[in-house]
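Here the structure is laid out as structure tokens; the discussion comes afterwards.
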Protein chains: 2
Amino acid sequence: MHHPARTLVNVTARPIPEASVARLPVYLRALVDMAERGSEMVSSEALATAAGVNPPKVRKDLSYLGSYGVRGVGYDVQYLIHQISRELGLTQDWATCIVGIGNLGQALANYGGFAERGFRIAALLDSDDAKVGQVIAGIEIAAFDDVERIVKEHEISIAVLAVPAAVAQDVTDRLVAAGITSVLNFAPAVLSVPDGVSLRKVDLSIELQILSFYEQRKVAEESVRRGTARRRLESVDPTR
Amino acid sequence: MHHPARTLVNVTARPIPEASVARLPVYLRALVDMAERGSEMVSSEALATAAGVNPPKVRKDLSYLGSYGVRGVGYDVQYLIHQISRELGLTQDWATCIVGIGNLGQALANYGGFAERGFRIAALLDSDDAKVGQVIAGIEIAAFDDVERIVKEHEISIAVLAVPAAVAQDVTDRLVAAGITSVLNFAPAVLSVPDGVSLRKVDLSIELQILSFYEQRKVAEESVRRGTARRRLESVDPTR
DNA sequence: CCCTGTGAAGAAATTCACAGCT
DNA sequence: AGCTGTGAATTTCTTCACAGGG
């Protein structure tokens, strides 16, 4: 197995499609599980099953990273873990801060998911004086007013936003001004950030509403099936 | 303004693309904000700005629901709110349960986002006897073992999963067996559900890893710009 | 013979550009 | 004149199918 020498990060190469990037963490988690269970090699089929996708998609996605598999054999689990981690930038650790230490902010601070892969919570920020000084998950809450100093001091690049929707944009503007370049937004608000700043959102109520849409369809289809409309010939799926 | 009479839900009509469905809640939130501020009409451009997308996308998405706008004028805010709500199934209320009342489960229970649009928390479930009986957000935690009875009694169709990854699949299987038809998964695990059951996931650590990917690209591009890049040919070590 | 890697085909989503109605 | 609604063009994503190397 010999692989071409590659630079640290292939910035110049053909970019990895966004949809593929979003699946890499899923593969990574599956691979880590497999490694823990002692697997040394894995096929695209096995990885696909573990990741909830289909084999061609796994192969295509992995092919964007390079030719890391062995034809006729599969992928080396450890080696793939290493390559995906590197591509995702997980070989370094990232300093993050959580902004807004209410219910959700506290739950996030206590959540183990951060440390899991090199995301260090360097600061908790809140603008409520009553909260400043309290210690959550071993970290003292700092005043949001000190954001510029704190971001610089800890070289924080990623902020997790758990503030009320009404102030989310203002807080974001201030974070960006302080040097934050990635924002993960939990507030139910549409944010705008300048070019060069990454933004992703997690929105409980949107997810519920999407589920509601399909839930309603099921109910409607059910009543159709029960008589209002013509019969629908359902082909039997032998795999179920 | 007259609109064609339509059936309750257009199950038979051309289906709305998934990507469009996922944006409807965003439009809805923006429209509700506008209504609160007293707007009566809105153009696709204004709605696009508020929703963080572009005008043609708004028009295309809304066109799947019907011809609810007025050429040369725009869309009636209240009327659009009504139509989108109906299409999303938000005119009825949905009974939900939260499963796993740890840090995150508690935060979700206390979060206002549920009631916001007709998602009633009908039950909190946990398998830890020490938690059963405790009251969170005015709701008594019930034993997960009673899930079948509780789901039936409250006609719960949507479950929010906040259990440890290790048990997520087993818990899901049991929920589905109890009659749950939609699952919103917060556990960092790939779940599989039978056809006819909807599944969406919210995964903090995946989102952070995606941000990390783009963050790393920025750093790399920065160093390319400064001329420091293209060094370090990594000798590849399969065993790390 | 097995499983990866990948061009090519196909499907889905987005954007364009303009006809059509008010 | 202004803004929607939508076919057509374009881009992005997925799947296919098979060549290619172990």
Side-chain angles (χ1 to χ4, degrees), chain A residues 1-4 6 10 13-24 26-27 30-31 34 39-77 79-80 83-84 87 210 213-214, chain B residues 1-4 6 10 13-24 26-27 31 34 39-77 79-80 83-84 87 210 213-214 238:
Chain A
M1 173 174 17
H2 68 100
H3 300 93
R6 301 174 75 248
N10 63 345
R14 131 200 79 166
I16 304 178
E18 239 182 276
S20 291
V21 171
R23 282 186 295 266
L24 292 180
V26 181
Y27 300 150
L31 288 163
M34 288 171 177
S39 303
E40 298 194 349
M41 297 298 291
V42 65
S43 65
S44 62
E45 190 178 341
L47 184 50
T49 302
V53 300
N54 57 10
K57 201 180 273 179
V58 168
R59 293 200 298 274
K60 194 56 142 182
D61 286 341
L62 295 183
S63 78
Y64 293 119
L65 311 186
S67 291
Y68 295 148
V70 181
R71 290 168 201 242
V73 180
Y75 302 86
D76 181 293
V77 173
Y79 185 62
L80 245 199
Q83 292 301 339
I84 295 179
E87 197 71 44
I210 296 169
F213 174 87
Y214 292 106
Chain B
M1 183 179 6
H2 68 101
H3 300 92
R6 303 176 74 246
N10 62 345
R14 131 199 80 165
I16 303 177
E18 239 183 275
S20 292
V21 171
R23 283 186 296 267
L24 293 179
V26 181
Y27 300 150
L31 288 163
M34 289 171 176
S39 303
E40 298 195 347
M41 297 298 289
V42 66
S43 64
S44 62
E45 190 176 342
L47 183 51
T49 302
V53 300
N54 57 11
K57 202 180 273 180
V58 168
R59 293 201 297 275
K60 194 56 139 184
D61 286 343
L62 295 182
S63 79
Y64 292 119
L65 311 187
S67 291
Y68 295 148
V70 181
R71 290 167 202 241
V73 180
Y75 302 87
D76 181 292
V77 174
Y79 186 61
L80 247 199
Q83 292 301 339
I84 295 179
E87 197 72 43
I210 296 170
F213 174 87
Y214 292 106

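In what follows, chains carry the letters A, B, and so on, assigned in the order in which the sequence lines appear, proteins first and then strands, with residues in each chain numbered from 1. Since this is a predicted model, take the numbers as computed values, not measurements. Below, each value reflects all heavy atoms present in this structure, side chains not excepted, and no hydrogens, waters or symmetry copies.
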Close N/O contacts between protein and nucleotides 14-17 of chain C (under 3.5 Å):
unit_1  : atom_1 : unit_2   : atom_2 : d
dT14(C) : OP1    : Arg23(B) : NH1    : 3.1
dT14(C) : OP2    : Arg23(B) : NH1    : 3.1
dT14(C) : OP2    : Arg23(B) : NH2    : 2.8
dT15(C) : OP2    : Asn54(B) : OD1    : 3.4
dT15(C) : OP2    : Asn54(B) : ND2    : 2.9
dT15(C) : OP2    : Lys57(B) : NZ     : 3.4
dA17(C) : N6     : Arg59(B) : NH2    : 3.4

Distance test, side-chain N/O of Ser44(B) to OP1/OP2 of dT4(D), below 4.0 Å: yes

Find the distance Arg71(B):CZ to dT4(D):C1' and express it as a whole number of Å. 5 Å

Length of the OH-P vector between Tyr68(A) and dT6(C), whole Å: 12 Å

Against Tyr75(B), only a single residue in Leu31(B), Leu62(B), Leu47(B) fulfils side chain to side chain contact (heavy atoms under 4.5 Å, CB included); can you say which? Leu62(B)

I want to check one thing: is the phosphate of dG5(C), taken as OP1 and OP2, less than 4.0 Å away from some side-chain N or O of Tyr75(A)? yes

Distance, rounded to the nearest Å, where Ile16(A) contributes CD1 and dT14(D) contributes P: 14 Å

Without decimals, in angstroms, what is the distance between Leu47(B) CG and dC3(D) C1'? 13 Å

Atom OG in Ser20(A), atom OH in Tyr64(A): separation rounded to 0.5 Å? 5.0 Å

Whole-Å gap separating C1' (dC3(C)) and CG (Asp76(A)): 15 Å

Report the distance from atom OH of Tyr27(B) to atom P of dT4(D), rounded to the nearest whole Å. 13 Å

So salt bridge (charged side-chain N to carboxylate O under 4.0 Å, His left out) across residues 59-72 of chain A, not counting sequence neighbours, yields Arg23(A)-Asp61(A)

Under 4.0 angstrom between Ser43(A) side-chain N/O and dC3(C) OP1 or OP2: no

Interatomic distance, Glu18(A) CD vs dT12(D) P [rounded to whole Å]: 10 Å

Degree of bending, the helix from dC1(C)-dG22(D) to dT22(C)-dA1(D) (end axes from five pairs; round to 10°): 0°

